[in-house]
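Report on the structure given below.
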Amino acid sequence: MAQVSINSDYSEWGSSTDAGERARLLQSPCVDMAPKSEGEASPGEPDRGTTSTLGAVFIVVNACLGAGLLNFPAAFSTAGGVAAGIALQMGMLVFIISGLVILAYCSQASNERTYQEVVWAVCGKLTGVLCEVAIAVYTFGTCIAFLIIIGDQQDKIIAVMAKEPEGASGGPWYTDRKFTISLTAFLFILPLSIPREIGFQKYASFLSVVGTWYVTAIIIIKYIWPDKEMRPGDILTRPASWMAVFNAMPTICFGFQCHVSSVPVFNSMRQPEIKTWGGVVTAAMVIALAVYMGTGICGFLTFGAAVDPDVLRSYPSEDVAVAVARAFIILSVLTSYPILHFCGRAVVEGLWLRYKGMPVEEDVGRERRRRVLQTLVWFLLTLLLALFIPDIGKVISVIGGLAACFIFVFPGLCLIQAKLSEMEEVKPASWWALVSYGVLLVTLGAFIFGQTTANAIFVDLLA
């Protein structure tokens with residue numbers, strides 16, 4: 001495979017001595033990556049990872065599934081029913097899988113190991129900086145969503161413990177949503193976010209998988225054997241408009257976004273080959289599709305148009321099985337927030353060091369002060385926004401638009417730039433087809449991002 005050399009000069013912003021550190025920090029949880037070191041591999045021979053094909057499938061599924069699962073029933077409602085929701089997911093899955101394959105191709109061609117470094121090498125400085133900023137904003141928004149999810153689940157659990165009737169207000173101060181979210185965040189999330197290293201990633205990933213599958217199972221069971229007090233709203237059978245279908249796209253993008261983690265996973269494989277990777281991501285996306293579709297269909301048919309953006313909020317507070325699901329989600333989110341913050345902080349640190357032209361190892365004391373300051377600012381801002389944005393649907397819409405950039409825009413730009421650099425080496429027909437597909441990806445991603453951004457700004461202003 002031809003090496004992509006276009007725009008691969010990192011010296012435009014000074015030394016890239018922090019590149020290896022950022023690559024390590026931004027690896028996906030549970031990825032067992034063989035480190036680069038002199039003497040381990042012969043010249044010209046790529047480093048071999050230790051992840052099996054089956055292990056890569058599990059890691060990609062794990063990176064894909066998460067708290068976004070709770071929003072899929074509402075996405076089916078927004079799209080206009082089961083048929084529209086299934087068609088939308090199946091159609092988008094083609095682009096999602098192709099984006100993952102494109103990223104692996106560009107990673108192999110540019111010999112880079114992380115998402116943002118692939119974009120830097122293939123597309124150049126400006127696009128690389130935009131990609132890193134997008135990753136920081138995306139992880140920041142996801143942290144806000146996690147705090148809102150904690151509040152949603154705690155509201156229901158506290159209502160049962162305090163024996164308050166459904167929807168009651170004016171309870172004791174210590175049951176107030178803002179107090180409970182703040183207390184949980186300061187006691188658990190902040191201490192886990194300050195350290196430079198995070199050693200519990202594997203346990204957090206396992207917990208997330210268990211919680212996700214349990215939530216899906218409960219939603220399916222509650223649809224098959226519903227409680228008597230649960231009454232569905234209107235069951236939509238067709239979209240209200242084409243725009244309604246497009247409004248469901250950000251939730252689907254947020255749910256299936258594992259592209260930032262995919263490049264390290266690909267490079268961690270024993271046989272990092274494009275054909276093998278295509279099978280890995282296809283199998284992983286089919287598994288994720290089954291989970292999301294089961295949750296979306298059963299959750300939507302259980303509550304209809306009345307389903308809450310966080311589907312667990314639609315169930316009665318006193319339901320024990322659902323209460324366990326809420327506890328799983330809280331534990332999963334408590335451990336996932338520090339990991340997302342960890343990745344976002346690494347990108348911010350890398351941008352700052354490159355801007356200042358400073359190596360990572362320059363001053364350990366200053367690094368510690370910067371890390372504590374970055375963590376406190378990040379934590380306090382996400383907490384404040386979560387306290388005053390109680391509707392998770394709005395947050396998911398915004399970060400879902402950013403997820404569309406990782407799924408469509410950046411892979412599309414990488415494909416276009418990579419093909420431009422190989423213009424004289426390929427047949428005109430295939431060259432034009434691939435470039436056109438890259439343009440299609442960029443256009444689709446830009447449309448989703450633009451639509452969600454416009455909705456987030458103008459809908460609230462009009463309201």
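All figures in this text were calculated on a predicted structure; none of them were measured in a lab.
- The two residues Thr452 and Pro250 make their nearest non-hydrogen contact at CG2-CG, 2.8 Å.
- A pairwise comparison of heavy atoms in Gly141 and Ile399 identifies CA-CG2, 3.5 Å as the closest pair.
- Scored by the side chain to side chain donor-acceptor pair (under 3.5 Å) test, Thr184 finds Gln154 as partners (sequence neighbours excluded).
- Under the side chain to side chain donor-acceptor pair (under 3.5 Å) criterion, Ser107 pairs with Asn267, sequence neighbours left out.
- Side-chain contact between Asp310 and Gln153 is present, with at least one heavy-atom pair separated by less than 4.5 Å.
- Using a 4.5 Å heavy-atom cutoff, the side chains of Glu117 and Ser110 are not in contact.
- Using a 4.5 Å heavy-atom cutoff, the side chains of Leu190 and Leu376 are in contact.
- Scanning for salt bridge (Lys or Arg N to Asp or Glu O under 4.0 Å) contacts around Asp152 gives Arg177, Arg313, with sequence neighbours left out.
- Side-chain contact between Arg345 and Thr139 is absent, with no heavy atoms from C-beta onward closer than 4.5 Å.
- Scanning for side chain to side chain donor-acceptor pair (under 3.5 Å) contacts around Ser77 gives an empty result, with sequence neighbours left out.
- Within a 6.0 Å sphere centred on CG of Leu187, heavy atoms belonging to other residues, nucleotides or ligands number more than 12.
- By the 4.5 Å heavy-atom criterion applied to side chains, Ser52 and Phe58 are not counted as neighbours.
- For the pair Ala136 and Trp378, the tightest heavy-atom approach, listed with the atom from each and the gap, is O-CH2, 3.5 Å.
- Here the closest non-hydrogen pair linking Pro191 and Ala185 is CD-O, 4.4 Å.
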### Query
So Leu385 and Phe140, side-chain contact (heavy atoms from CB on, under 4.5 Å) or not? Walk me through it.
CA-CA 11 Å; Leu385 289 170; Phe140 183 82; 3.7 Å; yes
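- Minimum heavy-atom separation, Phe410 to Cys131: CZ-CA, 3.5 Å.
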### Task
Verify side-chain contact (heavy atoms from CB on, under 4.5 Å) between Tyr138 and Val260, making sure each step is shown before the conclusion.
CA-CA 11 Å; Tyr138 177 81; Val260 175; 5.9 Å; no
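- Contact annotation: the side chain of Phe449 never approaches that of Val409 to less than 4.5 Å [non-hydrogen atoms, C-beta and beyond].
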### Message
Test side-chain contact (heavy atoms from CB on, under 4.5 Å) on Leu100 and His259; report intermediate values, then the result.
### Response
CA-CA 6 Å; Leu100 290 165; His259 294 58; 3.6 Å; yes
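- No option in Ile329, Thr212, Leu312 other than Thr212 meets the side-chain contact (heavy atoms from CB on, under 4.5 Å) test with Leu69.
- A side-chain contact (heavy atoms from CB on, under 4.5 Å) with Ile59 holds for exactly one of Leu54, Val280, Val265; it is Val265.
- Inter-residue side-chain proximity for Tyr105 and Phe266 is flagged as unmet; no heavy-atom pair is nearer than 4.5 Å.
- Applying the ring pair (Phe, Tyr, Trp, His ring centres under 6.0 Å) test to Phe246 and every residue at least two apart in sequence or in another chain returns Phe447.
- When all heavy atoms are compared, the tightest approach of Ser262 to Leu103 is OG-CD1, 3.9 Å.
- A side-chain hydrogen bond (donor to acceptor under 3.5 Å, both in side chains) check over residues 276-295, counting only residues at least two apart or in different chains, returns the pairs Thr216-Thr295.
- Counting only heavy atoms from C-beta outward, the side chains of Tyr337 and Ile150 never approach each other to under 4.5 Å.
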